[in-house]
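Each remark here refers to the structure printed beneath this line.
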Amino acid sequence: MAGSMARAALRRGRIGCGLVRPSALGGRAAAAGWSGPAGWSGPAAGGAVQYCAELVRKRDYEGFLCSLLLPAESRTSAFALRAFNVELAQIKDSITQKTTGLMRMQFWRDAVEDIYSDNPPHQPVATELWRAVKRHNLTKMWLMKIIDEREKNLDDRAYHSIQELETYAENTQSALLYLTLEMLGVRDIHADHAASHIGKAQGIVTCLRATPYHCTRRKVFLPMDICMLHGVSQEDFIRGKQDKNVRDVIYDIASQAHIHLEHARSFSKKVPVKAYPAFFCTVALDDYLYNMRKVDFNIFHPSLQKKSTLLPLYLYIRSWKKNILKFAWFF
C-alpha cells in the first residue's frame, strides 16, 4: 500500500519534460551493436515505428497483440516501450561474456539519461521511446528500474526464492505496466495495486514458460526454495523428468502466479475502466495457466510450447466486453 501511494504521489508531483527534437548520434547506436534495419533512414522517415512494432511482433508476440488493442494515441508508444524491454531482455541470451552485457546495459542507461536531456541516440527504439516520453510524460524511474533489474539478472543463477523472482518481476514486468498506465493517462492507486500483482504473475509465468528452453542449455532458473521443498534438483529438470515431485514444483510456482491474478481481480470494482487496456496480458496468462492445468503441470508438454491460435480471439472478446479483470481461472 505504501509503495503504491508513493508511486501515485511521485507521478502527481512530476513536471513536464519539455523535450525537443533529437540529434543524430549514430556512433553510440553502433557501439550498442545496432546497425539499423533495411530501409531505415532516420527519425523522420517513420521507419522507427515500424522497426519497434516488428521487433515486438517477433520477440514478444503476446505483447504485440495486447498493444494493438490499445487506444490509437497510446499504441505507438506501447510498441516503443515493449521494444525497449525486448532490447534489454535479449542481451542476456546474445552474449558469452558478462562484460559485454554490462556494456550494452550501460548503453541503454545512458540512452535513457539522454532521452530526458533531449538528446537521444540515433537508434529507432531510443527515438520512439523519446517520443513516448515526450507524449506521455513517462516516469524515468521505472525505465531505470527495468535496466537495473535486468542487469542484475545477467548472472546465470537460479532465483533463491519465489520472493526473489517476484522482486525481479515487480521491477521489470510491473514497471512496464506502470508505464503503460501512464500512457493511458491513468493515475490511480488501485490500478497501481492491480499492475503490481499482474506484473508479478507475468514474471512468474515467463519464468515457467522459458524453463524447457533453458533446460536445453543446461540452465534452470526456477526458485530454489520450492525445488528443495519437493526434493527436486536442477539436474531433474535438465533431464526432462516428469515425476510427481517435479510437477509439484511447477504447481506451487504456477499457484503463486494464480494468487497474484486473484489479488489483482480483487481491485476490479475500484480500477478505472480507462486502465483496463493495460491489463490485456491477463488473458494470455490465464490461457497459459489453464493449458498447464490440462496437462497436469507437465512443464515439458509440447502443447505448452505452441503459440495459442485462439489468443487473438480471446483478447478481442475481452477488450470488447471491457471486463479484463473480472475473468477468473481456477485450479
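Nothing fancy with the numbering, it's 1 onward along the sequence.
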How many angstroms lie between atom [atom1] of [X] and atom [atom2] of [Y], to the nearest 0.5 angstrom?
| X | Y | atom1 | atom2 | result |
| --- | --- | --- | --- | --- |
| Trp130 | Asn119 | CH2 | CG | 10.5 Å |
| Arg57 | Leu68 | CZ | CG | 10.5 Å |
| Ile238 | Thr211 | CD1 | OG1 | 11.0 Å |
| Cys66 | Phe279 | SG | CZ | 12.0 Å |
| Leu81 | Leu179 | CG | CG | 5.5 Å |
| Glu151 | Glu149 | CD | CD | 10.5 Å |

Is it true that the side chains of [X] and [Y] contain a donor and an acceptor less than 3.5 Å apart?
| X | Y | answer |
| --- | --- | --- |
| His301 | Asn291 | no |
| Glu170 | Tyr178 | yes |
| Ser77 | His136 | yes |
| Asn171 | Arg150 | no |
| Glu182 | Thr139 | yes |
| Gln106 | Asp110 | yes |
| Arg318 | Thr282 | no |

Worksheet item: Under a single-linkage definition using a 4.5 Å side-chain heavy-atom cutoff for Ile, Leu, Val, Met, Phe, Trp and Tyr, are Met224 and Ile226 assigned to the same hydrophobic cluster?
Response: no
Worksheet item: Does Phe84 share a hydrophobic cluster with Leu102, counting links as ILVMFWY side-chain heavy atoms below 4.5 Å and allowing steps through other members?
Response: yes
To check you understand the geometry: which heavy-atom pair defines the closest contact between [X] and [Y], and what is its length?
| X | Y | result |
| --- | --- | --- |
| Leu184 | Pro277 | CD1-CB, 4.1 Å |
| Ala78 | Leu70 | CB-CD1, 3.3 Å |
| Glu62 | Ala284 | OE1-CB, 3.4 Å |
| Ala126 | Ile115 | O-CD1, 3.7 Å |
| Ile147 | Met105 | CG2-O, 3.9 Å |
| Leu65 | Pro312 | CD1-CG, 3.9 Å |

So do [Y] and [X] actually touch side chain to side chain, heavy atoms under 4.5 Å?
| X | Y | answer |
| --- | --- | --- |
| Arg218 | Glu235 | yes |
| Lys145 | Thr172 | no |
| Trp108 | Glu87 | yes |
| Leu289 | Arg293 | no |
| Tyr251 | Val246 | no |
| Pro223 | Ile162 | yes |
| Arg109 | Asp148 | yes |
| Tyr116 | Leu143 | yes |

Fill in: Contacts of Tyr316 that satisfy side-chain contact (heavy atoms from CB on, under 4.5 Å) - sequence neighbours left out
Ser319
Worksheet, complete the sentence: Residues passing the side-chain contact (heavy atoms from CB on, under 4.5 Å) test with Lys270, sequence neighbours excluded, are His190
Practice prompt. Evaluate the criterion salt bridge (charged side-chain N to carboxylate O under 4.0 Å, His left out) for residue pair Glu113 and Lys140; output intermediate values, then yes/no.
Written response: CA-CA 8 Å; Glu113 291 287 356; Lys140 176 182 174 182; 2.7 Å; yes
Discussion item. Walk me through whether Ser303 and Lys294 qualify under side chain to side chain contact (heavy atoms under 4.5 Å, CB included).
Written reply: CA-CA 10 Å; Ser303 65; Lys294 289 199 317 185; over 6 Å; no
Discussion item. Check Lys274 with Asp188, please: is the shortest side-chain N to carboxylate O separation under 4.0 Å?
Written reply: no
Discussion item. For Asp286, is there an ion pair with Arg265 - N to carboxylate O distance below 4.0 angstrom?
Written reply: yes
Worksheet item: Which residues pass the salt bridge (charged side-chain N to carboxylate O under 4.0 Å, His left out) test with Lys241, sequence neighbours left out?
Response: Asp236
Discussion item. Suppose we screen for salt bridge (charged side-chain N to carboxylate O under 4.0 Å, His left out). Which residues come up paired with Asp60, at least two apart in sequence or across chains?
Written reply: Arg82
Practice prompt. Could you check Arg187 against Asp192 for salt bridge (charged side-chain N to carboxylate O under 4.0 Å, His left out), going step by step and ending with a plain yes or no?
Written response: CA-CA 8 Å; Arg187 305 293 196 275; Asp192 277 355; over 6 Å; no
Fill in: Atom CZ of Arg135 with >12 non-hydrogen neighbours under 6.0 angstrom
yes
Practice prompt. Please check if atom CD in Gln97 has more than 12 non-hydrogen atoms from other residues, nucleotides or ligands closer than 6.0 Å.
Written response: no
Practice prompt. Starting from the C-alpha separation in whole Å, work towards a yes-or-no answer on side chain to side chain contact (heavy atoms under 4.5 Å, CB included) for Arg247 and Ile299.
Written response: CA-CA 8 Å; Arg247 295 178 189 230; Ile299 195 73; over 6 Å; no
Worksheet item: Got a donor-acceptor contact below 3.5 angstrom from the Arg59 side chain to the Val86 backbone?
Response: no
Worksheet item: Has the side chain of Asn298 got a donor or acceptor atom that lies under 3.5 Å from a matching backbone atom of Phe300?
Response: yes
Worksheet item: Going by the angle between their ring planes, with limits at 30° and 60°, are His263 and His197 parallel, tilted or perpendicular?
Response: tilted
Discussion item. Could you go through Val56 and Tyr51, starting from their C-alpha distance and side-chain angles, then the distance that decides it, and tell me whether this counts as side chain to side chain contact (heavy atoms under 4.5 Å, CB included)?
Written reply: CA-CA 9 Å; Val56 175; Tyr51 177 87; over 6 Å; no
Could you go through residues 198-208 and list every donor-acceptor pair under 3.5 Å that involves a side-chain atom there, pairing it with any protein atom two or more places apart or in another chain?
unit_1 : atom_1 : unit_2 : atom_2 : d
Gln202 : NE2    : Thr206 : OG1    : 3.4
Thr206 : OG1    : Gln202 : O      : 2.8

Worksheet item: Quick one: ring pair (Phe, Tyr, Trp, His ring centres under 6.0 Å) partners of Phe237, sequence neighbours excluded?
Response: none
Worksheet item: Does NZ or CZ of Lys152 lie under 6.0 Å from the centre of the six-membered ring of Tyr168, at an angle within 45° of the ring axis?
Response: no
Practice prompt. Establish, yes or no, whether the cationic atom of Lys92 lies under 6.0 Å from the six-membered ring centre of Phe221 and within 45° of the ring axis.
Written response: yes
Item to complete: Apply side chain to side chain contact (heavy atoms under 4.5 Å, CB included) to the pair Asp248 and Phe297, showing each step before the final yes or no.
Response: CA-CA 8 Å; Asp248 286 344; Phe297 302 93; over 6 Å; no
